[in-house]
Amino acid sequence: MFYDFKKIENKWQRKWQKERAFRARINPAKKKYYLLEMFPYPSGKIHMGHVRNYTIADVASRFKIQEGYNVLHPMGFDAFGQPAENAAIKNRTKPDAWTHKCIRDMEDELKKMGFSYDWEREISTCDSDYYKWNQWIFLKMYEKGLAYKKASSVNWCPNCATTLANEEVIDGGCWRCHAKVEQKDLEQWYLKITDYKERLLEDLKQLPDWPERVLSMQTNWIGKSQGVEIYFRLKGLNKIIPVFTTRQDTIFGATYIVLAPEHPLVQELIKGKPQEKEALEFIAKVAKESKVVRASSDVKKEGVFTGSFAVNPVNNEEVPVWIADYVLMEYGTGAIMAVPTHDQRDFLFDKEYALPMRVVIQQPGANNLNPELMPEAYEGDGTQVNSAEFNGLPNQEAKIKIAAWMEKKGIGKIQTHWRLRDWLISRQRYWGTPIPVIYCPKCGVLPVSYKDLPVKLPKDAPFTGEGGSPLGKIKKFVELRCPQCKSPARRETDTMATFFDSSWYFLRFCSPEFSQGPFEEKETGYWMPVDQYIGGIEHAILHLLYARFFTKFFKDLGMISFDEPFKRLLTQGMVLKDGEVMSKSRGNIVDPDAMIKKYGADSLRLFILFAAPPETELEWDDRGLEGAYKFLNRVWRIQDNLKEKADSSLTRVLHKTIKKVSADFREFKFNTAIASMMELTNAIYQSAADKEVFSKLVIMLSPIAPHFCEELWRILGNKKSILKAGWPQADPDLLVEENITMVIQVNGKVRSKIDVPANIPEDKLKELVLADGKLAPWLQNKPLKKIIIVPQKLVNIVV
RNA sequence: GGGCAAGUGGUGGAAUGGCAUACACGACAGACUUAAAAUCUGUUGGCCGCAAGGUCGUGAGGGUCCGACUCCCUCCUUGCCCACCA
């Protein structure tokens, strides 16, 4: 007999919706729990990654409800973005209509999984009720000087005809379409996230419940490094070139310096030199290369001599000045001191052009380093040599002393450098939030006034697939009168990067219909911060960093009182098929909808939680899913064979299971929680359950297989929803064993086992153990050294 | 090149200093059946042994410990993230 999952799932999904079972409202009498998954892009279909992410969250949500928390569990759509425009070009649909159709389809699929969302809070970032507040936030940032416009060389995707943030360039290609990224000069809007770099770094300490990996990725991305800016005087010119280094201990080994080709002093340095022509050609060549190509490690390091010399301030040595592609203007001062013996990049460049080298850090223990014979740079620690008064010092100690000494002598300055850049938010696209700015030829850049928000995205736009923003082609949108002087003016036609939308949506969920501001402080005061955030590791850097930045900004505006938006973070692993990530291009997709049709949502949920712990990769297995289905049927059949009173041994197993499952749920260890419920089920098959035991199993299983358990719960005669059943408590008296099995080891190897009363005194236990005949062959004629007793577990005899 | 994970039966995985392989999948066998499916019940790391039992065994090698899948060191492999960052 199989249970009718189609009927049951449909029935309960409709009932939960009708009864608003997951409606969340402020209730000061109850402890709140805000559970959030990274909201999806509405592609129209959910994939297994979504199923996994949302199932993990849903179990946590339902478990917390049963534990008595007031749970907020919302869902919405990150609805702006490129695919809608691409679909518009391809299928002649409108992005708006296409997106809303996709949203409806995805809602249906999510509902079929039985997720416990408060659908009344659903938000969609492409609705003007939402993006109005993007514009509001932008204006606030503009007021505070955090949004600014800058002409700069940007990454340009020729395929998408749009700019990309550095963070969106992957291996020299566009993060979406993988086309080769070029360089282009454009006026762009930036957000000054660098103003928050110290706090973004420092406050990571407030997040002990984030995965170590993510914390380390964020730290590296912010990239604080302590070093010294050293001043090299240019020979023959009354100018100095500052260089930044974190290895000031190697300054005595700096045998040349290298400038980025774009460095402002380069033109002056090469002027009239024999190398001038060659240098100019080189600069022109590098200018054409994208930063990304220059940054790839397999490209040979190239450079030219400028014909000029600089003076190393620590020993007054004259060193040649070179320019090279591997030095970037964007980092540090755009100039480096080259120490080929102790920096591998300098070493490779040195070998290419046969420049001088000198060892200044001697490797401990090994033979003296010889610059001619070194196969590579020595970048490790050691003792200072050829370093004047610092000779003999360990280099880590010299680092501190040299920095202080340089500051004292005025030849350098201790400095901190950061890797984090400002965030480029302009996109030359249609399907995004219009940046609320007006350009007047007389009055200049004018922010749109708050009362005129939202600047609505026009519904009709020409989609030709050709480059440039479609918005720029809509006269009605672009042309207007300047609000100050009434002369003809233009609107900004750039839209915001969608990362902007997702940087504060977790706040909007607290009061999705609030019309006086982006969020209502009474609501965020109760619900925020998010207690548990769940999503993919691919958002470990950008999204989480931006969301943290926005949170700090709102705090500075006095709108919220906390520093960090997400208390705990869980990054779920990918879903694999045959050892590879599921993807359309690989053609190894398993469609969740087809699986729901075949086995039901409850079986799918059960399988996906049982197959692996949440953080690790999950190998898809059709047979595993079938196994989950069979297990549910096995539980279903228990109802046919209940007895009046369960055996006391079964009751003990039940209470052990309650303890284990409760602990595992709290730590998101769903795979082992399910395993122990399977063990309980096996025990029930050995010795029939009573209603009490069975009911408790059903409650424990209900967060995982909610429709199935709700149905069984009613079959067992309960009138109210299983969500109101409360979580079972383990009876401590039933957890205590009267007799336990002790493992007996001799020299660490298991040789015997004995059953003893749990409360046996140690000397009595020793006596029993030594009398154990099985041990005789191992103890014979050997002097007893000691006996180690681990209470309730084992005895180890050392001979 | 750097950082972080991970490496356990035929497979997914369990055990985070104390009985290695829980739980499940698969396989094999039995019961039920005219038969199959479903279901129920067993067996299932390698080697030696009729058996009792012994012995080897958690990527490789070493170390700490009464005792190591677990901690430390070296190496190998795989995955993810980052990368001319000076």
Side-chain angles (χ1 to χ4, degrees), chain A residues 1-2 170-171 211-217 219-221 223 225 227-228 243-248 250 254 257-258 291 294-299 301 324-328 330-339 342-346 348-349 376 379 417-419 537-538 540-541 571 573-574 576 579 581 607 610-613 615-628 630-631 633-634 637 669 671-679 681-682 685-686 741-753 774 777 785-790 792-799:
Chain A
M1 186 175 91
F2 295 98
I170 296 154
D171 289 336
E212 191 55 50
R213 288 174 76 185
V214 176
L215 292 175
S216 117
M217 280 157 84
T219 304
N220 292 338
W221 193 259
S225 62
V228 180
V243 305
F244 177 71
T245 183
T246 55
R247 288 298 306 271
Q248 62 273 14
T250 65
I257 67 174
V258 190
K291 265 177 270 178
R294 274 172 69 185
S296 67
S297 53
D298 42 356
V299 175
K301 297 177 186 356
D325 56 358
Y326 76 98
V327 177
L328 302 178
E330 288 76 20
Y331 192 82
T333 61
I336 63 155
M337 64 175 206
V339 186
H342 303 297
D343 182 291
Q344 185 61 14
R345 287 155 301 160
D346 297 341
L348 292 173
F349 189 73
E376 58 183 5
E379 297 184 332
H417 271 259
W418 300 79
R419 191 186 170 283
I537 188 76
E538 68 272 20
I541 297 174
T571 51
M574 305 234 183
L576 310 181
V581 175
F607 164 70
F610 181 54
E615 304 85 358
T616 64
E617 290 171 339
L618 183 149
E619 178 68 34
W620 180 264
D621 180 9
D622 287 328
R623 286 180 306 212
L625 175 56
E626 201 177 319
K630 284 184 183 174
F631 170 71
N633 279 301
R634 197 165 147 88
R637 283 189 295 270
K669 287 158 83 175
N671 55 332
T672 49
I674 293 165
S676 70
M677 286 189 263
M678 285 174 167
E679 284 181 79
T681 304
N682 291 342
Y685 268 74
Q686 298 298 320
T741 305
M742 295 286 282
V743 172
I744 316 298
Q745 297 182 332
V746 179
N747 288 343
K749 288 205 186 294
V750 180
R751 297 302 180 190
S752 180
K753 289 171 194 180
K774 281 192 199 148
K785 270 198 197 150
K786 61 172 157 176
I787 296 177
I788 290 150
I789 296 174
V790 182
Q792 314 285 308
K793 267 186 188 158
L794 113 177
V795 179
N796 189 14
I797 305 168
V798 186
V799 292

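Below, chains carry the letters A, B, ... as their sequence lines are ordered, and counting in each starts from 1.
- If you take atom P in B:C32 and the same atom in B:A37, they sit 15 Å apart, rounded to whole Å.
- Distance, A:Asp325 CG to B:C84 C1': 9 Å, rounded to whole Å.
- For the P atoms, the distance from B:G12 to B:G26 is 15 Å, rounded to whole Å.
- The structure places CZ of A:Phe610 at 12.5 Å from CG of A:Leu625, a figure rounded to the nearest 0.5 Å.
- Formation of a donor-acceptor pair under 3.5 Å by the A:Asn671 side chain with backbone atoms of A:Ala611 is not found in this model.
- When the C1' atom of B:C85 is taken as reference, atom CZ of A:Phe244 falls 9 Å away, rounded to whole Å.
- Here B:C4 presents its P atom at 14 Å from CD1 of A:Ile537, a figure rounded to the nearest Å.
- Straight-line distance between the C1' atoms of B:G49 and B:U33: roughly 40 Å, to the nearest whole Å.
- For the C1' atoms, the distance linking B:A22 with B:G1 amounts to 42 Å, nearest Å.
- In this entry the distance linking CZ of A:Phe631 with C1' of B:A38 reads 18 Å, nearest Å.
- Taking 4.5 Å as the limit, every side-chain heavy atom of A:Ile257 sits out of range of all side-chain heavy atoms of A:Ile336.
- The two residues A:Met337 and A:Thr250 have their closest heavy-atom pair at CE-OG1, 3.5 Å.
- Annotated stems with RNA chain B as a participant read B:1-7 with B:76-82, B:10-12 with B:23-25, B:26-31 with B:39-44, B:45-48 with B:53-56, B:59-63 with B:71-75, given as range with range, by first number; only runs of 3 or more Watson-Crick or G-U pairs under 3.5 Å qualify.
- Across every non-hydrogen atom of A:Gly334 and A:Val327, the tightest pair is O-CG1, 3.6 Å.
- Both A:Asp346 and A:Met574 lie near RNA chain B, and the one whose nearest nucleotide falls closer to the 5' end is A:Met574.
- When the P atom is used for both B:C73 and B:C23, the distance is 35 Å, rounded to whole Å.
- Considering every non-hydrogen atom in both A:Ala338 and A:Val258, the closest pair reads CB-CG2, 4.2 Å.
- Spacing between B:C25 and B:A35 at atom C1', rounded to whole Å, works out to 27 Å.
- Anti is the glycosidic conformation of B:G49, whose angle departs from 0 by more than 90°.
- Spacing of P atoms, B:C50 relative to B:C40, comes out at 37 Å, to the nearest Å.
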**OP:** Go along nucleotides 10-23 of chain B 5' to 3' and tag each nucleotide: B for a protein heavy atom under 4.0 Å from its base, S when only backbone or sugar atoms are that close, - otherwise.
**Re:** --BSS---BBS-BB

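- Where A:Arg419 and A:Gly334 meet RNA chain B, the nucleotide closest to each residue was compared, and A:Arg419 sits on the side nearer the 5' end.
- A close approach under 4.0 Å does not occur between any side-chain nitrogen or oxygen of A:Arg247 and OP1 or OP2 of B:C85.
- Annotation: the span from A:Ile787 atom CD1 to A:Asn796 atom CG amounts to 9.5 Å, rounded to 0.5 Å.
- If you measure from atom CE of A:Met217 to atom C1' of B:G2, you get 14 Å, rounded to the nearest angstrom.
- Nucleotide B:A24 holds its C1' atom 13 Å from the CG atom of A:Leu625, rounded to whole Å.
- Nucleic acid contact class of A:Gln686 (heavy atoms, under 4.0 Å, all strands): sugar-phosphate only.
- Scanning all heavy atoms of the two residues, the minimum distance from A:Thr333 to A:Phe244 falls at OG1-N, 3.7 Å.
- When the side-chain nitrogen and oxygen atoms of A:Arg637 are compared with OP1 and OP2 of B:C40, one or more of them lie within a distance under 4.0 Å.
- Using a 4.0 Å heavy-atom cutoff across all strands shown, A:Tyr685 reaches sugar-phosphate atoms only and no base atom.
- Looking at A:Arg634 and A:Asn682, their side chains do bring a donor and an acceptor atom within 3.5 Å of each other.
- In plain terms, the two heavy atoms of A:Phe607 and A:Glu619 that are nearest each other are CZ-O, 4.2 Å.
- At the heavy-atom level, A:Thr333 lies nowhere under 4.0 Å from the strands shown.
- Between B:G18 and B:A68, the distance separating the two P atoms is 11 Å to the nearest Å.
- A:Lys786 places its NZ atom 9 Å from the C1' atom of B:C65, with the value rounded to the nearest Å.
- The side chain of A:Arg634 contributes an N or O atom lying less than 4.0 Å from OP1 or OP2 of B:U41.
- Across the protein-nucleic acid pair, A:Trp221 atom CH2 and B:C4 atom P stand 18 Å apart, rounded to whole Å.
- Remark: A:Thr681 OG1 to A:Ile674 CD1 distance equals 11.0 Å, nearest 0.5 Å.
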